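Have a look at the structure below before the remarks.
In this chain, numbering begins with 1 at the start of the sequence shown. Predicted model only: the values in this text are computed from it and were never measured. Both ligands and their constituent atoms are indexed starting at 1 by order of listing.
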Amino acid sequence: MALESHKTNPALNMERAFSDNIQNALSLMYLAKMGQKGNHKKERYGLPAFNVTTVSSINAAFTAFEMLGSSGLLAFSNSALKHFGQGDPIYGLEFVSEYIARLAKKTKIKVATHLDHGDYISDKGRRVVQAAVQMLSSVMADNSTDHLAKASTAIEDNIGLTREVVNMAHPLGVSVEGELGVLAGEEDEDTKSEFSTYTNPDELEKFLKETGVLMLAPTIGTMHGPNKGKPGHKVKLNIELAHKLLAIANKIDERICFVIHGASTLYPEIVSYATDILKKNDLNKSLNNNSLEKWQNFVGTDWEQVKELLKTGFVKINTDTENRQTFLASLLGAISKDAAKIDIRYYDTACAEALTQSYLKKLIMAGNYGVWYEPKIDITKFCFDLSKNLKTAIGTN
Ligand code: G3H
Ligand code: 13P
Ligand code: ZN
């Protein structure tokens, strides 16, 4: 079967066989949008895209997917790929694609591998996108902002560049995510937008039809990073605009799936875990670097609004910051329990188990469990608590 996109663009090749249990992101997203789990049609669910940056975080995500029988989506930013590739993102791509193919062979869940915020504007960005099309199952063609010029790109340029990526990727069965509008906050260590613009609904139809993308990141008021708004205030997303945009896309092709960037929520249990440690023994005072204040000022995206968007047909929720926060909180916890343990594996395991908890939490919140088989754990017994090891947190100890 080939999903037909706009007639002037190549259809997404759904016959392409990736390595065992790897699929393109769109196929997993579309199941979620339809509420398909096994052979049953249930409620819609969301597909968290976890930005992974280390081998331990990839392993932790697989552990969570397998415990829950979830669809898995692993996203790689340019800087994550550089980190994996010791400075060379292409080597990073080779490493992660081979590593994930090995893990996926042993599993019964399905996974997509996605290049996050790949730009097709700069030479450096183009090289990474071209390599990612060969090695991953999905790519983002983020051409809505020219980060060097610190300006939004003209719609015609965004369309032209995104279309080039679709022409290259769709015949290979690699799904493509386009972006329309400018998202605020840091997207990548090299790219930061101090301004933002909402997606213009008048441009959407043209963008979708002329690029042929089946995944779209509209900008509706979310932003990247740990400071998404004023402490104590909820960030208000433009839900009315979100619905309007989705209606336009559904009319063109109901298989088009929407993505929310900057979807990290802030877990209060993680904030109190970290701030309690910082307050204990006056650690914060001796560090003398405002860490406590920074933790207290973190603001995430409001989950209730994200949940409403998932119900109406948004699907992919990009989450990085909340997992970084969980990692950091668990590292503080591991060090405060024993700061003289001369074994890297002690700290690495503590952080990986905490990441698995963080991933489990979001997959359950999004309803992404029991997709490929019934969960192996009793999800009602799962308690997100970094003071516990993983077995205890999932209620099997
Ligand atoms: O939006 C993307 C991520 O948060 C990527 O962040 O470039 O620091 O890996 P990073
Ligand atoms: P957060 O910063 O909210 O985790 O968003 C991550 C993201 O959008 C990655 O593309
Ligand atoms: Zn993003």
Side-chain angles (χ1 to χ4, degrees), residues 25 29 46-55 57-58 61 73-85 87 89 92-93 96 112-119 122 124-125 128-129 132 136 138-145 147 176-193 196 199 215-229 234-235 237 257-267 270-271 298-303 305-306 309 314-328 355 358-359 361-363 365-366:
M29 289 168 77
L47 213 63
F50 297 128
N51 279 87
V52 281
T53 52
T54 60
V55 167
S57 56
I58 295 176
L73 221 173
L74 296 176
F76 301 89
S77 66
N78 270 289
S79 44
L81 291 170
K82 271 198 248 168
H83 185 66
F84 278 112
L93 274 168
V96 298
T113 50
H114 178 77
L115 172 69
D116 195 26
H117 293 290
D119 82 273
S122 65
K124 217 166 61 173
V128 175
V129 172
L136 303 182
S138 184
V139 295
M140 178 174 185
D142 178 1
N143 303 315
S144 57
T145 317
H147 289 284
V176 180
E177 175 183 333
E179 182 170 281
L180 189 60
V182 179
L183 199 80
E186 202 162 329
E187 290 180 346
D188 187 272
E189 62 176 17
D190 302 329
T191 57
K192 189 178 169 123
S193 297
S196 63
T199 300
M215 293 162 65
L216 180 88
T219 48
I220 51 166
T222 57
M223 68 183 285
H224 290 121
N227 301 102
K228 299 180 193 297
K234 275 188 187 165
V235 182
L237 306 185
C257 287
F258 275 23
V259 180
I260 309 177
H261 281 254
S264 275
T265 45
L266 186 63
Y267 295 122
I270 298 306
V271 176
F298 287 157
V299 176
T301 297
D302 174 34
W303 175 250
Q305 294 173 62
V306 173
L309 291 175
F314 275 64
V315 184
K316 177 167 168 269
I317 42 180
N318 285 14
T319 50
D320 185 4
T321 300
E322 63 188 23
N323 303 312
R324 294 180 184 211
Q325 285 164 332
T326 302
F327 177 97
L328 177 55
L355 278 177
S358 200
Y359 298 142
K361 174 83 180 172
K362 189 43 47 83
L363 291 165
M365 282 165 79

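Checked by atom type and distance alone, the side chain of Ser264 never pairs as donor or acceptor with a backbone atom of Thr319 at under 3.5 Å. Remark: side-chain polar atoms of Ser138 are not paired, donor with acceptor, to backbone N or O of Val176 under 3.5 angstrom. The closest donor-acceptor contact from the side chain of Asn323 to the backbone of Thr326 lies at 3.5 Å or more, if one exists at all. A donor-acceptor pair is defined here as one N or O able to donate and one able to accept, closer than 3.5 Å; no such pair exists between the side chain of Thr265 and the backbone of Gly300.
Those atoms of ligand 2 that come under 4.0 Å of a heavy atom in Asp320, given as number and element, are 4 (O), 6 (C). Set against the non-hydrogen atoms of Ser79, the atoms of ligand 1 under 4.0 Å away are 7 (O), 8 (O), 9 (O), 10 (P). Each of the atoms 2 (O) of ligand 2 lies under 4.0 Å from some heavy atom of Gly225. Atoms of ligand 1 found under 4.0 Å from any heavy atom of His224 (numbered from 1 in listed order, with element): 1 (O). Atoms of ligand 2 found under 4.0 Å from any heavy atom of His261 (numbered from 1 in listed order, with element): 8 (O), 10 (O). Within ligand 2, the atoms closer than 4.0 Å to a non-hydrogen atom of Ser264 are 1 (P), 3 (O), 4 (O), numbered from 1 in the order shown. Close contacts of ligand 2 with Lys228, meaning ligand atoms under 4.0 Å from a residue heavy atom, involve 1 (P), 2 (O), 3 (O). Atoms of ligand 1 found under 4.0 Å from any heavy atom of Asp320, numbered from 1 in the order shown, are 3 (C), 4 (O), 5 (C), 6 (O). Contact atoms of ligand 2 toward His117: 10 (O) (distance under 4.0 Å to a heavy atom of the residue). Listed by number with element, the atoms of ligand 2 under 4.0 angstrom from any heavy atom of Asp116 are 9 (C), 10 (O). The contact set between ligand 1 and His117, taken as ligand atoms under 4.0 Å from a residue heavy atom, comprises 1 (O), 2 (C). Heavy-atom contacts of Asn51 reach the following atoms of ligand 2: 9 (C) (cutoff under 4.0 Å).
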> Hey, mind stepping through Tyr267 and Gln325 against side chain to side chain donor-acceptor pair (under 3.5 Å) and telling me if it holds?
Replying inline: CA-CA 9 Å; Tyr267 295 122; Gln325 285 164 332; over 6 Å; no
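Contacts between Ala263 and ligand 2 below 4.0 angstrom, taking non-hydrogen atoms only, involve the backbone exclusively. Proximity of Asp116 to ligand 1, defined as any heavy-atom pair under 4.0 Å, is confined to the side chain (atoms from C-beta onward).
Note: no N/O pair closer than 3.5 Å links Thr319 and ligand 2 by distance alone.
Using bins of under 30°, 30° to 60° and over 60° for the plane-to-plane angle, the ring pair Tyr359/Phe50 lands in the tilted bin.
For His261, the N, O or S atom closest to the Zn ion (ligand 3) goes by the atom name ND1. No other N/O/S atom of His117 lies as close to the Zn ion (ligand 3) as NE2 does.
The shell of residues lying under 4.0 angstrom from ligand 1, judged by heavy atoms, includes Arg324.
Using a 4.0 Å cut-off between charged nitrogen and carboxylate oxygen, Glu177 and Lys316 count as a salt-bridge pair.
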